[in-house]
Amino acid sequence: MTAPATSAIVLDFETTGLSPNQGDRAIEIGAVKLENGQVVDRFQSLMNPGFRVSSFIEGYTGITNNMLSHAPSCDEVMSEFVDFIGDANLVAHNASFDKRFLDAELDLIGKGYGGEFACSLLVSRRLNQEANSHKLGDLVAYHNIANDGVFHRALADAEVTASLWLLLVNSLTENHAIAQPSFELMQKLAKQPKASVGKFLTKHK
DNA sequence: TGCCAGGCCCTCTTTAGGGCCTT
C-alpha cells in the first residue's frame with residue numbers, strides 16, 4: 001500500500017547560496033503538511049547560519065542580516081523541523097536543490113528522515129509541456145494559483161508549491177482518469193521521457 | 001589570483017555543450 005500523493009509535506013528553503021558543498025547554509029525553512037489534499041499544519045522559521053549573508057541574498061529574499069541576528073541557530077531549527085517531517089514523503093519545486101540542503105543540514109546535527117522526495121518542477125515539465133517556463137512564480141501565474149504576492153520567502157513558496165502539487169495530482173484524476181494517484185506514481189512520472197508521458201498515463205489508469 | 005553547484009533535458013549528442021531551475 002503506497003501513500004497517496006495528496007498526503008505529503010511540501011517544503012522550501014531560503015539559503016545563503018546555491019551549494020551546501022561550497023559552505024552555503026539554510027536561512028529559512030517553510031513547510032506545509034498535506035493530508036488527503038488539505039493543509040493540516042505549517043512550519044516556518046528563520047535560522048542564523050553563523051555568518052553574514054550577501055547583499056544579493058538580502059535583496060533576493062528580503063531576509064536581512066539584522067533579521068537573522070535575532071534568529072535561532074540552524075541546529076536548533078532543523079532539530080525541530082526533523083520532528084515536524086517525521087517519516088512523511090516530501091515535495092519541493094526543483095527538489096534536488098532542497099534535498100541537498102535538507103541532507104546537509106541534518107548531517108550537521110546527526111539526524112535523518114524516512115520519507116522520499118518528489119519534484120513539482122519535473123512533474124510540471126511533463127504534464128504541462130506547453131508551458132513556456134516552469135519557474136515557480138511563472139507557474140503560479142500560468143495556473144492562476146492563489147497567492148499573497150510574496151515570493152522567495154520559505155512559507156509563501158511552500159504554500160504555492162503545495163497548491164501547484166495538488167493541481168498536478170488532481171489533473172491526473174480529472175484529465176487522465178487516474179483515481180487517487182500515489183506518491184510513487186508521481187515520482188515515476190517525473191522520470192518519464194517527455195515523449196512517453198501519454199503512454200505512461202494510459203498504462204496507469 | 002583564480003577558482004566558483006548539481007541535476008535534468010535537449011540537440012547541430014553519446015569522445016559535448018548549453019539552457020533551465022533552485023538561492
Enquirer: Please state how far atom OH in A/Tyr60 lies from atom C1' in B/dT23, giving the value in whole angstrom units.
Expert: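 Rounded to whole Å, this separation is 6 Å.
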Enquirer: Could you state the atom-to-atom distance from CZ of A/Phe51 to C1' of B/dT23 in whole Å?
Expert: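 Answer to the nearest Å: 12 Å.
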Enquirer: Enumerate the residue pairs fulfilling side-chain hydrogen bond (donor to acceptor under 3.5 Å, both in side chains) with a member in residues 181-202 of chain A, sequence neighbours excluded, ordered by first and then second residue.
Expert: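 Of all non-adjacent pairs touching residues 181-202 of chain A, those that pass side-chain hydrogen bond (donor to acceptor under 3.5 Å, both in side chains) are A/Glu116-A/Gln187.
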Enquirer: Take atom C1' in B/dC21 and the same atom in B/dT15, then report the distance between them in whole Å.
Expert: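 28 Å, rounded to whole Å.
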Enquirer: About how many Å separate NE2 of A/His176 and CG of A/Leu127, when rounded to the nearest 0.5 Å?
Expert: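 NE2 of A/His176 is found 6.0 Å from CG of A/Leu127.
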Enquirer: How is A/Asp12 classified with respect to the nucleic acid when contacts are heavy atoms under 4.0 Å: base, sugar-phosphate, or nothing?
Expert: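 Counting heavy atoms under 4.0 Å across all strands, the contact made by A/Asp12 is with sugar-phosphate only.
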Enquirer: Quick check for you: among B/dC8, B/dT23, B/dC10, whose closest atom lies nearest to any side-chain atom of A/Leu122?
Expert: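 My answer, after comparing the listed nucleotides, is B/dC8.
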Enquirer: Rounded to the nearest Å, what distance is computed from the CG atom of residue A/Leu46 to the P atom of nucleotide B/dT23?
Expert: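 Checked: the CG to P distance equals 15 Å.
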Enquirer: Counting only side-chain N and O atoms of A/Ser133, is one of them less than 4.0 Å from OP1 or OP2 of B/dC20?
Expert: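 No, no such contact exists.
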Enquirer: Check the distance between B/dT22's C1' and A/Phe56's CZ and give it to me in whole angstrom.
Expert: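 After rounding, the reported distance stands at 11 Å.
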Enquirer: Nearest whole angstrom, please: distance from the C1' of B/dG7 to the NE2 of A/His134.
Expert: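 Rounded to whole Å, this separation is 16 Å.
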Enquirer: Take atom P in B/dC12 and the same atom in B/dA5, then report the distance between them in whole Å.
Expert: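 So the two P atoms sit 28 Å from each other.
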Enquirer: How close or far is atom C1' of B/dC21 from atom CZ of A/Phe151, stated in whole angstroms?
Expert: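 Rounded to the whole Å, the gap is 16 Å.
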Enquirer: Does atom CD of A/Gln129 have more than 12 heavy-atom neighbours from other groups under 6.0 Å away?
Expert: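 Enclosed: over 12 neighbouring heavy atoms sit under 6.0 Å from CD of A/Gln129.
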Enquirer: Determine, for A/Lys111 against A/Glu105, whether the closest basic-nitrogen to carboxylate-oxygen distance falls under 4.0 angstrom.
Expert: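 No, no charged N to carboxylate O under 4.0 Å.
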Enquirer: Please report the distance separating the P of B/dT23 from the corresponding atom of B/dG18, rounded so that it comes out in whole Å.
Expert: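 Here B/dT23 and B/dG18 have their P atoms 25 Å from each other.
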Enquirer: On a whole-Å scale, what distance lies between the P atoms belonging to B/dC4 and B/dG17?
Expert: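 It comes out at 15 Å once rounded to the nearest Å.
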Enquirer: Return a single string for nucleotides 1-6 of chain B, one symbol per nucleotide in 5' to 3' order, where B is base contact, S is sugar-phosphate-only contact and - is none, cutoff 4.0 angstrom on heavy atoms.
Expert: ----BB
Enquirer: Quick check for you: to the nearest 0.5 Å, what is the distance between A/Leu34 atom CG and A/Gln38 atom CD?
Expert: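 So the gap between those two atoms works out to 9.0 Å.
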Enquirer: Are side-chain heavy atoms of A/Phe97 and A/Thr15 found at a separation under 4.5 Å?
Expert: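 Answer yes - side chains close enough.
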Enquirer: Atom CD1 of A/Ile27 to atom P of B/dT22: distance rounded to whole Å?
Expert: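 The answer, rounded to whole Å, is 16 Å.
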Enquirer: Side-chain contact, heavy-atom cut-off 4.5 Å: A/Met186 with A/Trp165?
Expert: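 SC-SC contact between A/Met186 and A/Trp165 confirmed.
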Enquirer: Expressed as a whole number of Å, how far does the P atom of B/dC3 sit from that of B/dG7?
Expert: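 Pairwise P distance, B/dC3 against B/dG7, rounds to 22 Å.
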Enquirer: When the nearest nucleotide of DNA chain B is assigned to A/Ala190 and to A/Asp157 on a heavy-atom basis, which residue is associated with the more 5' position?
Expert: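 Whichever sits nearer the 5' end wins; that is A/Ala190.
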Enquirer: Mapping A/Gln192 and A/Arg125 onto DNA chain B by nearest heavy atom, which one lands closer to the 5' end?
Expert: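 Of the two residues, A/Gln192 wins.
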Enquirer: With a non-hydrogen cut-off below 4.0 angstrom, is A/Thr61 in contact with a base, only sugar-phosphate, or nothing?
Expert: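 The answer is sugar-phosphate, as A/Thr61 gets under 4.0 Å only of primed atoms, P, OP1 or OP2.
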Enquirer: Give me the distance, rounded to whole Å, that separates B/dT1 from B/dC20 when you measure between the C1' atoms they each carry.
Expert: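 Straight-line distance between the two C1' atoms is 31 Å.
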Enquirer: So, the side chain of A/Glu28 versus the backbone of A/Ala154: is there a donor-acceptor pair under 3.5 Å, distance only?
Expert: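 Pair found, side chain donor or acceptor close to backbone of A/Ala154.
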Enquirer: What is the separation between atom NZ on A/Lys99 and atom P on B/dC8, rounded to the nearest whole Å?
Expert: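 From A/Lys99 NZ to B/dC8 P: 11 Å.
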Enquirer: Between B/dG6 and B/dG2, how far is it from one P atom to the other, in whole Å?
Expert: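 The answer is 23 Å between these two P atoms.
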